[in-house]
Amino acid sequence: MSVLHAIGRRGAALFAFAQRLLRRGGAALVGARRSRAALLESEKRLQAVFDQAAVGVALVDMRTGCFERVNQKYCDILGYTRDELQGRSVRDISEASDYQLNLDLRDELQRGRRASFQMEKRQLRKDGSMVWVDLTVAPVLQEGGVPRYNVGVIQDITERRRMQDALRRSEEQLRSILDHLPVGILLSGPDGQAIFHNRHFVDITGYTWRDLVGAGAWWTRAFPDPDVRAQALSRWHAACSQAHAGQIARAEYDVCRADGGICSVALSGIALGHNEILIFEDLSRYKAAEEQINYLAYYDPLTGLANWRLLRDRLDTALSRSVLRKQCGAVLMLDLDRFKLLNEVRGHDCGDQLLRQVAQRLRGQVRTEDVLARHGGDAFVLVLDADRPTPTQAAAHAGELGERVLAALRAPFLLDGESYRTTASIGAAVFQGRAESPDELLRQVDVALYQAKASGRDVLCFYDARAQALVSERAALESDLRVALEQGQLEPYYQAQVCDGRIIGAEILVRWHHPRQGLVPPAAFIPLAEETGLIQPLGEAMLRAACRQLAAWATDPQLAGLTLSVNISPLQFYQDDFVARVLDALADTGADPSLLELELTEGLLLQDVEDTIAKMVRLKARGLRFSLDDFGTGYSSLAYLKRLPLDQLKIDQSFVRDVLRDPNDAAIVRTLVALGSTFGLRVIAEGVETEAQKAFLLAQGCRNWQGYLFSRPVPLDRFTALVRANPAPGQGA
């Protein structure tokens with residue numbers, strides 16, 4: 001602010017006149033050759049100007065910082081007489097912190113860096129009170145030298161400062177009130193530039209002043225996607241246009257927070273002249289409450305499982321899926337044995353602890369696509385998704401799951417630090433389509449549950465007597481299979497693999513001689529072994545049997561060159577120590593690794609291709625060979641042939657069976673043979689039963705095959721006789 005502007009028009013004139021007189025008076029004080037009379041006259045005129053001024057005016061020596069001359073107004077403002085002020089230092093009447101700034105500015109005047117300066121400062125009155133003044137200072141210019149004096153003009157602004165302080169306190173109080181409101185406030189100007197926001201606005205959105213720079217910054221931040229922002233603004237403008245003058249517009253939005261998260265807000269607004277106030281209401285707690293209400297409507301608060309209402313809905317959905325898929329599912333109802341006694345003896349708190357722990361164990365047994373619900377009290381219901389092609393398979397799946405659940409619940413629970421054991425009973429029913437309603441199915445499993453209780457508890461019963469018999473039979477078969485593995489009832493059979501009419505090796509297959517049922521077909525127990533995990537010890541047994549046989553054949557010139565192919569299940573292959581187990585079997589038996597061929601299926605490749613390749617490479621380095629079984633029946637990929645260290649492709653019998661009748665099968669066989677040739681792989685076809693099939697394969701260039709045309713799988717002695725009866729060229733009879 002300039003000196004003239006600071007002291008007003010009249011004060012400016014006085015100030016300019018004072019400067020001229022002071023220059024003359026100052027010159028007189030430093031020895032100007034004037035008469036004393038002229039000097040006195042000049043001083044009188046100067047004093048008259050001083051006394052007439054409506055502002056305080058002072059002449060200060062720049063070297064000493066002391067007052068040389070002051071007018072009456074200056075004295076009145078500070079409460080001193082003229083004699084008391086003259087000769088006193090400016091420091092004496094200045095507040096310490098203000099005086100330092102005063103000095104800095106004065107130095108700049110003295111160095112000619114400023115023409116004048118203006119500041120608001122505090123000065124001390126004679127009575128010790130403080131007065132706020134507006135101070136304007138300019139140097140007294142002299143001809144041919146550095147200014148020695150400053151002219152200072154002060155105005156008392158104490159009342160103005162008091163009003164400013166009161167206004168600031170009011171603003172602070174208002175801000176505090178706004179900050180404590182339970183809603184966010186954002187004041188924006190005509191161009192959408194943020195003018196003010198309260199603390200709760202930051203709490204809700206995360207945005208501060210630094211984020212809200214520029215016109216319309218709030219909308220840009222809240223809706224970073226231009227299309228979404230355009231829609232949001234369109235909705236807001238529509239809401240504003242529908243609100244009458246003085247009324248509040250309102251809309252709900254999901255907005256982007258500063259941290260990238262999404263929050264739901266109710267946005268209200270009202271125009272104040274050219275400005276707009278936006279009010280933000282955080283809907284998160286309301287939505288959380290709504291979700292909680294919805295949760296309580298569909299879930300059991302004690303266990304977190306689906307409740308009766310949601311169970312009915314999910315069961316109805318499962319029945320609909322069963323119709324669409326033409327697949328079967330199952331429902332199981334579980335009830336804890338003697339639960340009422342626990343509540344009566346140890347209290348309901350222990351009962352609740354048990355129910356929560358039971359729910360946790362049940363979660364560990366079901367798949368994500370299945371439904372687990374608390375039916376009420378100590379009853380739980382499991383709805384197994386409709387994904388089994390036949391009722392028999394659905395019943396088998398339900399029975400297997402039920403047995404796992406019963407086993408899991410037999411383990412002790414910990415209630416109030418004490419061990420507690422219990423059992424459960426399970427009723428089950430199979431569904432296919434909508435032959436039964438949800439209520440009818442639940443009635444059936446309830447009846448089956450009663451039968452399980454009547455049967456002595458800790459058992460599973462099916463509502464369908466035929467399914468129950470099947471499950472019982474399957475359970476018995478699983479038990480017998482475990483015994484068979486322990487007692488050596490499983491016997492390796494051998495099916496010849498032929499090339500150009502001569503036997504080059506065999507595939508080792510397992511057969512089960514059941515002590516009561518006789519020879520059990522592989523289709524009856526191999527899937528069971530895979531489902532129960534028994535395929536791992538079974539596969540290990542066949543692998544070692546193959547290694548022992550190769551070692552035995554090595555001592556017979558007529559059998560020494562034969563290869564043996566062994567099927568490897570995914571469960572067996574994905575054991576961490578699979579490679580070590582294979583190498584141990586070879587080392588223990590002394591078998592030649594180059595004559596052992598491991599057959600892998602496509603399904604195995606889908607789980608972890610990199611792990612598969614790593615294991616194959618390690619075994620390939622030891623001389624083993626690999627055959628890809630069933631190629632083309634699943635998720636075939638040429639990438640497998642390119643990356644896997646394979647030696648052979650095996651054409652599945654499903655293609656060979658109809659190769660003469662189905663053009664598609666014929667085309668697939670031709671393609672597989674061509675692929676094998678392209679990738680340098682031997683191709684062998686399985687399931688060859690007729691001369692016509694064999695002739696077709698030979699015509700396509702496939703010279704290796706196995707099947708009933710040459711021999712069924714046979715015991716070792718019969719296979720050995722078959723080899724001796726068909727010696728390769730150069731071998732003895």
Side-chain angles (χ1 to χ4, degrees), residues 364-365 400 404 407-408 411 478 481-494 505-512 522 525-554 563-631 634-635 640 643-648 650:
Q365 299 297 328
E400 178 187 346
R404 290 206 311 268
E478 178 185 346
L481 181 56
R482 294 182 185 278
V483 174
L485 283 166
E486 295 172 359
Q487 298 183 357
Q489 298 174 7
L490 300 170
E491 180 184 355
Y493 271 44
Y494 302 83
E507 179 180 1
I508 187 169
L509 302 165
V510 64
R511 293 295 183 267
W512 182 7
F525 69 89
I526 293 296
L528 176 64
E530 290 176 341
E531 292 175 11
T532 59
L534 293 176
I535 195 67
Q536 296 186 46
L538 176 57
E540 177 83 6
M542 290 301 102
L543 174 65
R544 286 193 164 269
C547 290
R548 286 194 298 271
Q549 196 56 58
L550 285 173
W553 284 346
T563 62
L564 263 182
S565 178
V566 184
N567 288 290
I568 303 298
S569 76
L571 286 177
Q572 185 182 0
F573 186 87
Y574 281 114
Q575 288 179 297
D576 293 338
D577 60 349
F578 173 73
V579 173
R581 286 174 178 269
V582 174
L583 297 179
D584 286 346
L586 290 167
D588 293 344
T589 59
D592 184 351
S594 66
L595 299 178
L596 181 63
E597 192 167 67
L598 305 182
E599 285 196 9
L600 310 179
T601 61
E602 280 188 316
L604 182 147
L605 304 177
L606 298 177
Q607 299 182 43
D608 190 339
V609 176
E610 299 305 324
D611 180 64
T612 299
I613 293 174
K615 288 179 177 177
M616 291 177 68
V617 168
R618 289 172 60 191
L619 291 173
K620 185 77 173 176
R622 297 299 186 95
L624 279 83
R625 299 193 293 182
F626 288 93
S627 175
L628 186 57
D629 198 5
D630 303 335
F631 187 76
Y635 300 87
Y640 296 156
R643 297 185 62 195
L644 297 176
L646 295 169
D647 299 279
Q648 176 176 274
K650 198 167 194 179

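Quick caveat, the model's predicted, so the values are computed rather than measured.
- One finds the CG atom of Leu596 at 13.5 Å from the CZ atom of Arg622 (value rounded to the nearest 0.5 Å).
- Taking every heavy atom of both residues into account, Val510 and Met542 meet most closely at CB-SD, 3.7 Å.
- Contact annotation: the side chain of Trp512 approaches that of Leu481 to within less than 4.5 Å [non-hydrogen atoms, C-beta and beyond].
- Between the CG atom in Asp629 and the CG atom in Asn567 there is a gap of 6.0 Å [rounded to 0.5 Å].
- At a threshold of 4.0 Å, the pair Lys650-Glu597 does not count as salt-bridged, since none of the basic side-chain nitrogens sits closer than that to a carboxylate oxygen.
- More than 12 heavy-atom neighbours from other residues, nucleotides or ligands sit within 6.0 angstrom of CG on Asp577.
- Ion pairing between a basic and an acidic side chain is recognised when a charged N comes within 4.0 Å of a carboxylate O; Glu540 and Arg544 show such pairing.
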**OP:** I would like to know whether Leu485 and Leu538 meet side-chain contact (heavy atoms from CB on, under 4.5 Å); could you show each step before the answer?
**Re:** CA-CA 7 Å; Leu485 283 166; Leu538 176 57; 4.1 Å; yes

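- Taking CG from Leu646 and CG from Leu598, the interatomic distance works out to 11.5 Å, rounded to the nearest 0.5 Å.
- Here the closest non-hydrogen pair linking Glu530 and Leu571 is O-CD1, 3.6 Å.
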**OP:** Mind running side-chain contact (heavy atoms from CB on, under 4.5 Å) on Leu619 and Phe578 for me, showing each step along the way?
**Re:** CA-CA 10 Å; Leu619 291 173; Phe578 173 73; 3.9 Å; yes

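- The minimum heavy-atom distance linking Ala591 with Leu550 is given by the pair CB-CB, 4.0 Å.
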**OP:** I would like to know whether Arg511 and Leu509 meet side-chain contact (heavy atoms from CB on, under 4.5 Å); could you show each step before the answer?
**Re:** CA-CA 7 Å; Arg511 293 295 183 267; Leu509 302 165; 3.8 Å; yes

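- Between Leu644 and Met616, the shortest heavy-atom distance links the atoms CD2-SD, 3.9 Å.
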Subject >> From CA spacing to verdict: side-chain contact (heavy atoms from CB on, under 4.5 Å), Leu543, Val582 >> reply: CA-CA 8 Å; Leu543 174 65; Val582 174; 3.8 Å; yes

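- Taking the ring axis of Phe573 as reference, the NZ or CZ atom of Lys615 stays within 45° of it and closer than 6.0 Å to the ring centre.
- Between Trp553 and Tyr494, the angle of the ring planes lies from 30° to 60°, which puts this pair in the tilted group.
- Taking CD1 of Ile508 as the reference point, atom CD of Gln549 lies at 7.5 Å (rounded to 0.5 Å).
- Under the side-chain hydrogen bond (donor to acceptor under 3.5 Å, both in side chains) rule, Gln489 has a single partner from Glu491, Gln487, Glu486, which is Gln487.
- Taking all atoms of both residues into account, the shortest heavy-atom contact from Leu624 to Lys620 is O-CD, 3.5 Å.
- The ring pair (Phe, Tyr, Trp, His ring centres under 6.0 Å) contacts involving residues 526-546 comprise nothing, where partners must be two or more places apart or lie in separate chains.
- The minimum heavy-atom distance between Thr589 and Ala585, with the atom names listed, is OG1-O, 2.8 Å.
- Comment: Glu599 does not engage Arg625 in a salt bridge, judged by the lack of any side-chain N to carboxylate O separation of less than 4.0 angstrom.
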**OP:** Go through Ser565 and Glu507 one step at a time and tell me if the side-chain hydrogen bond (donor to acceptor under 3.5 Å, both in side chains) criterion holds.
**Re:** CA-CA 5 Å; Ser565 178; Glu507 179 180 1; 5.3 Å; no

